[in-house]
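Reading through the structure tokens given below for one structure.
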Amino acid sequence: MSSRRSRSRQSGGSRITDDQINDLVSKLQQVLPELRNRRSDKVSAARVLQETCNYIRNLHKEADDLSDRLSELLETTDGTSAQAEIIRSLLTQ
Amino acid sequence: MASMISDFDESAHRLPEPKRKKLRKIETVNQDQAKNNQIRWRSLAEQQIYSSKLVEALRHSRRETSPATISTRSRAVRETADKILAIAAKGRTRWSRAILSSRLKQRLKNHKKAKAKSKTAAAGYSRPTNPAIGVQKKKLPALRQRTRVLGRLVPGCRKLSLPNLLEEATDYIAALEMQVRAMAALADFLTGFNAGASNLAESSNRLEMS
């Protein structure tokens, strides 16, 4: 990472503040299913980052599994274009 | 977006108060935008729009090429889903722009060179890591290491500063959740559809035979 890390105690205050970082970290915490219900002062930033990584990896895995499923289903569904039209119209209702 | 903030960072050093106020204004505008994005990703309307665009894109890609193996087909579905997701983001976030631009680079590579390079092309937006660096990483403090890992997971965010990375990650997660919801709904629907279609075919056969 570059030297523009937030922990720099430079004067001027125009650098990214710790408060800003804490705010973003707590926002991220709210999104994570594992940590949502814990008090933010009990969860460290490192923990939030770790859970974020785990969660993103899980979501990627789910997307891959669903892609597998969808590619199989589309093979068998691939009938006439009329069928696909029905699918599309039903989904946009 | 992110680069705008960094520009203001530097100028705030030299210029008097008014510039600082502008900096805060830009930040709140971005925060509002981030909030709006979060609401959007979670709305049913957005999910439905995504679903229908996804179906259309999947039909289109299957008509163009019919890849031989199951894993290639699955990979194609995933890539289409990611592409449509990135388009849905409307260029507001770095991760979405990175997905679209890396795809473009992939296409140029494929046109120019033979499929010998298919391994790097198929990897998409992840790159192979140097094992020597991996050993070194253990000595970094936990926060820094996790930041680095996160930067690798979110497309196009390897060299981002921590606050920007956190913003991108928050938006990326909301978008991914929508993607998963939409794909799961589509899969369930198609399962039911297939079952219905085969029932219909069966019963119509029986009618014909009787």
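Below, chain A is the first sequence line, B the second, and so on; all start at residue 1. These numbers come from the heavy atoms of this one structure, side chains and all, not from hydrogens, waters or symmetry mates.
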Exercise for review: Begin from the C-alpha positions of A:Leu49 and B:Leu166 and carry the test side-chain contact (heavy atoms from CB on, under 4.5 Å) through to its verdict.
Suggested key: CA-CA 9 Å; A:Leu49 285 179; B:Leu166 294 176; 3.8 Å; yes
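- Between chain A and the options B:Leu58, B:Leu176, B:Val154, heavy-atom pairs under 4.5 Å are most frequent for B:Leu176.
- Between A:Arg69 and B:Leu190, the closest side-chain pair of non-hydrogen atoms is not below 4.5 Å.
- Looking at B:Arg73 and A:Glu72, no side-chain N of the basic residue comes within less than 4.0 Å of a carboxylate O on the acidic one, giving no salt bridge.
- Of all non-hydrogen atoms in B:Ala169 and A:Thr52, the two that sit nearest each other are CB-CG2, 4.4 Å.
- For the atom pair CG (A:Leu70) and OG1 (B:Thr80), the distance works out to 10.5 Å, reported to the nearest 0.5 Å.
- Taking CD1 from A:Ile56 and CZ from B:Arg152, the interatomic distance works out to 12.5 Å, rounded to the nearest 0.5 Å.
- Between B:Val180 and A:Leu66, the closest heavy-atom pair is O-CD1, 3.5 Å.
- With chain B as the partner, the residue from A:Val48, A:Asp64, A:Asp23 showing the most heavy-atom pairs under 4.5 Å is A:Asp64.
- Residues A:Ala63 and B:Gln179 share a closest heavy-atom pair of CB-OE1, 4.1 Å.
- For B:Arg42, the CZ atom sits in a packed shell: over 12 heavy atoms of surrounding residues, nucleotides or ligands are nearer than 6.0 Å.
- Interatomic distance, CG of A:Leu28 versus CG of B:Asp171, reported as 11.5 Å (0.5 Å rounding).
- A distance of 7.5 Å separates NZ of A:Lys27 from CD of B:Glu167, quoted to the nearest 0.5 Å.
- Between the side chain of B:Arg78 and the main chain of A:Ser67, no donor-acceptor pair closer than 3.5 Å is present.
- For the atom pair CG of B:Leu162 and CD of A:Gln20, the computed distance is 10.0 Å after rounding to the nearest 0.5 Å.
- Proximity to chain A (any heavy atom under 4.5 Å) is shown, for B:Asp188, by both the backbone and the side chain.
- If you measure heavy-atom distances from B:Ser71 to chain A, you find no contacts under 4.5 Å at all.
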Point to revise | Step-by-step side-chain contact (heavy atoms from CB on, under 4.5 Å) determination, B:Thr170 to A:Leu24 | key: CA-CA 9 Å; B:Thr170 310; A:Leu24 288 169; 5.8 Å; no
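- The minimum heavy-atom distance linking A:His60 with B:Leu153 is given by the pair CE1-O, 3.8 Å.
- Contact annotation for B:Ile49: neither backbone nor side-chain heavy atoms come within less than 4.5 Å of a heavy atom of chain A.
- Contact of B:Ala187 with chain A is made through backbone and side chain together, with heavy-atom distances under 4.5 Å.
- For chain B, the nearby parts of A:Val25 are the backbone and the side chain; heavy atoms of each come within less than 4.5 Å.
- Across A:Leu59 and B:Ile173, no two heavy atoms sit closer than the pair CD1-O, 4.1 Å.
- Atom CZ of A:Arg39 sits in a sparse spot, with 12 or fewer heavy atoms from other residues, nucleotides or ligands closer than 6.0 Å.
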